[in-house]
Asker: 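Structure incoming, see below.
Numbers restart at 1 for each chain; the letters A, B, ... are given by sequence-line order, proteins then strands. Not measured: the values here are computed from a predicted model.
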Number of protein chains: 2
Amino acid sequence: MTEISEMTGLELFNQAETGDQVAMGRLLSLAENRAKETLDLIQKKGVISHNCCVMGITGSPGAGKSTLIGNLLSVWKTEKKKVAVLAVDPSSPFSGGAVLGDRVRMLKHSQDENILIRSLGTRGHLGGLSACIAETVELLIALGMDIVLVETAGAGQIDVEVAEVTDTTIVMLVPGWGDTMQVAKAGLLEIADIYVVNKKDLPGAETAARDIEVMLDYRQSTGWMPKVMMTKADTGEGLEELWGGVQEHQAYLSSTGERETRRRHHLAYLIRRMALAQVSSTWDRTMLVELAREVMAQETDLTRATRKALEFLREDLKAVCMGEI
Amino acid sequence: MTEISEMTGLELFNQAETGDQVAMGRLLSLAENRAKETLDLIQKKGVISHNCCVMGITGSPGAGKSTLIGNLLSVWKTEKKKVAVLAVDPSSPFSGGAVLGDRVRMLKHSQDENILIRSLGTRGHLGGLSACIAETVELLIALGMDIVLVETAGAGQIDVEVAEVTDTTIVMLVPGWGDTMQVAKAGLLEIADIYVVNKKDLPGAETAARDIEVMLDYRQSTGWMPKVMMTKADTGEGLEELWGGVQEHQAYLSSTGERETRRRHHLAYLIRRMALAQVSSTWDRTMLVELAREVMAQETDLTRATRKALEFLREDLKAVCMGEI
């Protein structure tokens with residue numbers, strides 16, 4: 001039998017499909033660290049239509065995301081769902097960044113064979129951190145997960161990019177997180193399918209919910225009207241309703257054909273990533289540094305140097321397009 | 001006279017060169033929001049050799065970065081330096097994310113005509129947030145700044161990428177930030193030129209400094225040996241020494257030719273960005289979504305779809321390489 005450490009991507013995938021947690025872990029490491037190889041693997045496996053619920057949860061540190069996820073995991077456990085949690089928030093206990101108590105609470109779930117918890121490193125490749133999320137989600141879908149949940153930190157860019165690969169996006173806030181205008185500013189207004197005002201017993205919770213609703217009223221939209229829900233994550237209040245809301249949104253996606261549309265967009269994103277991986281591997285640093293030297297020595301200018309870099313690319317693509325690679 | 005709001009990039013640049021703060025602000029907005037236009041402007045202006053001190057400061061929220069920068073600004077003010085601070089840390093008072101007291105302390109400097117403080121938004125384009133930093137720094141160098149300081153949040157990816165465009169990188173820690181292993185884990189060990197242990201009066205400060213030194217001993221290096229310094233940012237203790245350390249590193253870069261080498265690498269990065277901007281603008285979403293549809297309908301597979309995307313690119317590059325664009 002081949003040792004897991006020596007398996008190819010495809011062997012790892014097949015082993016992970018049997019439910020082997022070690023193989024699954026290695027497979028996700030592959031997705032995180034070796035983009036090219038992972039994309040090759042996805043190309044080999046092909047892509048599938050699926051009923052996986054791909055969710056994103058975002059919100060500032062302290063909003064209660066981890067507590068919420070921890071309690072959702074308990075719900076999903078009873079329903080015997082196969083779940084993967086991907087944490088890209090550096091302050092999350094899933095990512096190892098929070099206080100001991102939180103982490104202990106989470107760890108009890110990591111023992112469950114149906115639940116995979118994974119922290120995505122903060123050093124991405126080929127276009128940053130968010131990049132490997134697309135591949136990782138694709139692999140998890142192919143492995144037959146019922147739910148894939150991506151947790152991000154609400155810092156803007158990454159959350160918006162994560163929405164490129166998820167179907168239902170939850171934005172979490174707490175009363176006093178600051179102005180709800182922060183949400184609008186961070187570009188989260190356009191991407192949220194469900195808003196959750198957590199710590200609903202705190203003063204200002206009702207106001208925060210109303211503010212969001214007012215902002216939503218100003219938004220022109222003919223499709224899904226984002227829900228505004230209230231929870232108290234630590235006691236579990238409102239969690240069943242939230243999960244109900246997510247399922248309602250998923251049903252909406254299926255019935256309107258929006259699920260197919262989103263899937264096409266996710267795949268378009270993947271194709272772009274694959275093509276870009278090819279392009280990136282073309283420009284070796286030495287060539288670019290030599291071009292930079294010529295610019296410094298005033299033998300050429302930036303415009304010409306850029307054109308030269310593109311010529312190199314075009315020459316290189318000839319072989320690719322001929323199908324030689 | 002042309003209104004600033006209607007100026008082209010080049011006009012803005014010329015106006016900013018005269019010291020006009022409004023024009024400078026607009027120019028930086030251009031760099032942040034319109035990558036292509038900015039890269040065109042940089043191509044038009046050409047690039048220059050320079051003596052600008054381009055520094056990066058990174059460290060977790062609460063390490064005291066803003067206090068340190070605030071007090072460094074006071075030093076630089078006395079020395080009549082032209083300084084630009086670029087804040088990409090969402091928790092920084094420069095970025096508007098901190099408690100009122102901090103922000104007020106900073107604001108006094110923003111009134112100074114030699115000091116430009118700028119918060120870079122969290123929604124980047126063409127490869128993320130870090131992307132626009134390269135262009136912004138290039139513009140600030142061209143505008144004749146003595147010091148450009150980029151503040152990041154110590155979250156990993158972004159810090160490592162910022163080091164691609166800075167010459168001297170400072171990594172700040174506090175005793176009890178957690179293990180100094182965190183630093184190594186985040187990939188910051190390879191990029192720091194100077195370590196600062198802040199809040200040096202706290203217990204564990206000496207230990208933290210020693211830990212870093214031990215880690216550095218294990219690092220194979222023939223060039224610059226990173227300094228480990230101790231400060232108390234709020235009282236200003238150790239700040240003169242820190243600024244001395246930065247200048248020492250800058251002198252080292254100049255005397256060894258390393259400054260030239262780094263400059264070439266920064267330019268190589270810019271050329272790559274420019275070429276990539278061209279490539280990215282080629283793939284329109286419609287074409288990619290159509291390819292995705294074909295994959296979903298099993299009319300083609302991912303490999304062929306990717307190849308097709310590259311063929312589109314190659315065709316498009318023909319015009320570019322012929323110099324028609």
Asker: Out of curiosity, Arg307(B) CZ to Met274(A) CE, how far, rounded to the nearest 0.5 Å?
Answerer: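 Atom-to-atom, Arg307(B):CZ and Met274(A):CE are 13.0 Å apart.
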Asker: Flag the pair Thr306(B) / Leu39(A) as yes when at least one side-chain heavy-atom distance between them is below 4.5 Å, and no otherwise.
Answerer: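 A side-chain contact under 4.5 Å is absent here.
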Asker: With heavy-atom distances below 4.5 Å as the criterion, would you say the side chains of Val289(B) and Thr261(A) are in contact?
Answerer: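 Not in contact.
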Asker: Closest approach of Leu310(B) and Ala275(A), non-hydrogen atoms and distance?
Answerer: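 Heavy atoms of Leu310(B) and Ala275(A) come nearest at CD2-O, 3.6 Å.
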Asker: Looking at CG of Leu302(B) and CG of Asp40(A), how far apart are the two atoms once the value is rounded to the nearest 0.5 Å?
Answerer: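 Rounded to the nearest 0.5 Å, the CG-CG separation comes to 11.0 Å.
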Asker: To the nearest 0.5 Å, tell me how far Ile42(A) CD1 sits from Thr303(B) OG1.
Answerer: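 Atom-to-atom, Ile42(A):CD1 and Thr303(B):OG1 are 11.0 Å apart.
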Asker: Could you go through the side chain to side chain contact (heavy atoms under 4.5 Å, CB included) check for Gln43(A) and Asp301(B) one step at a time?
Answerer: CA-CA 7 Å; Gln43(A) 283 178 317; Asp301(B) 60 23; over 6 Å; no
Asker: Is Glu260(A) close to chain B through its backbone or its side chain, or both, or neither, when contacts mean heavy atoms under 4.5 Å?
Answerer: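 Side chain only.
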Asker: Side chains of Arg272(A) and Arg285(B), heavy atoms from C-beta outward: is any pair under 4.5 Å?
Answerer: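 Heavy-atom side-chain distance check fails, nothing below 4.5 Å.
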Asker: Taking every heavy-atom pair that is under 4.5 Å apart, which of Ala309(A), Ala268(A), Ala305(A) has the most such pairs with chain B?
Answerer: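 Ranked by heavy-atom pairs under 4.5 Å with chain B, first place is Ala268(A).
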Asker: Which answer fits Arg304(A), side chain, backbone, both or neither, if we ask what part of it has an atom under 4.5 Å from a heavy atom of chain B?
Answerer: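 Looking at Arg304(A), nothing touches chain B.
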Asker: So how far is it from His266(A) NE2 to Met296(B) CE, rounded to the nearest 0.5 Å?
Answerer: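 That separation rounds to 11.0 Å.
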Asker: State the CD1-CD distance between Ile271(B) and Glu290(A), to the nearest 0.5 angstrom.
Answerer: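 With rounding to 0.5 Å, CD1 (Ile271(B)) is 10.0 Å from CD (Glu290(A)).
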Asker: Quick one: CG on Leu267(A) to CZ on Arg293(B), what's the gap to the nearest 0.5 Å?
Answerer: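 Between Leu267(A) CG and Arg293(B) CZ, I get 12.5 Å after rounding to 0.5 Å.
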